[in-house]
Amino acid sequence: MKIICVGRNYADHAKELGNSIPDEPVIFMKPKSALLQSHTPFYYPEFTNELHYECEIVLRVSKNGKYIQEKHASNYYDAVTVGIDFTARDLQDELKKKGLPWEKAKAFDNSAVVGKFIPITPDFNRKNISFSLLKNGEKVQDGNSGQMIFSIDKIIENISNYFSLNIGDLIFTGTPAGVGECVTGDVLEGFIDKQSLFSVEIR
Ligand code: MG
């Protein structure tokens, strides 16, 4: 499996990092080793002094496909959750300045937290998924899929022009504003509506 991530998919987040609004989805990947196994602690990586959380809606791919049209995209995922795209922001800034790839800052071991999946039902409204992140019990991020620059189905169409989608792949759909630092001892808890889907402690 692979983890495909979208960057800068919410205008207010692009703005907070001083990035322009993209006219095509910004895509990067994390390898399988980036997936934090559930009930495993997250250890603060030694190569950063500025670890950021980014809470995002995550889709689970349920059908193999390539060149998927937006109108058919909803047949290719069957469950949704929230996760964290952990980012070594200081390292990412350095890499960006040099025009280098981001992987060291975003695709390191355990940098992808994925919550418990909620199966998608026929009445599921993909344009109105409300999600939030609490840090130590306080809300630090909230967003709604309706605010995405590129909708879930548009993302699938775009990704699948470049990368085959395979059953079990995960898609991180971008973070809303409110990204910030976390330190050892912090507990991050992710929600869709009022349902808690993950809780991770930084050790
Ligand atoms: Mg992200």
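Whatever order the structure lists them in is the order used to number ligands and atoms, beginning at 1.
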Report task. Scan residues 45-76 for pairs that pass ring-ring contact (aromatic ring centres under 6.0 Å, His included), counting only residues two or more places apart or in two chains. Result ->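 Residue pairs passing ring-ring contact (aromatic ring centres under 6.0 Å, His included), neighbours aside: Phe47-Phe108.
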Query raised in the report: Cut-off 3.5 Å, side chains only: do Asp153 and Ser151 have a donor facing an acceptor?
Result: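 Side-chain D/A pair, Asp153 to Ser151: absent.
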Query raised in the report: Just checking, any donor-acceptor pair under 3.5 angstrom between side chains of Tyr77 and Asp169?
Result: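 Distance-only check fails for Tyr77 and Asp169.
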Query - In the protein, N/O/S atoms that are found under 2.8 Å from the Mg ion (ligand 1), waters not counted - result: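 The answer is Glu54 OE1, Glu56 OE2, Asp85 OD2.
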Query raised in the report: Do Ile152 and Leu59 have side chains that get closer than 4.5 Å, going by heavy atoms?
Result: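 Side chain of Ile152 against side chain of Leu59, heavy atoms only: contact under 4.5 Å found.
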Query - Glu54 vs His13 side-chain heavy atoms within contact, under 4.5 Å - result: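 When only atoms from C-beta onward are counted, His13 and Glu54 do touch, with a gap below 4.5 Å.
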Query raised in the report: How far does OG1 of Thr173 sit from CD1 of Ile4, to the nearest 0.5 angstrom?
Result: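 It is 12.5 Å, given to the nearest 0.5 Å.
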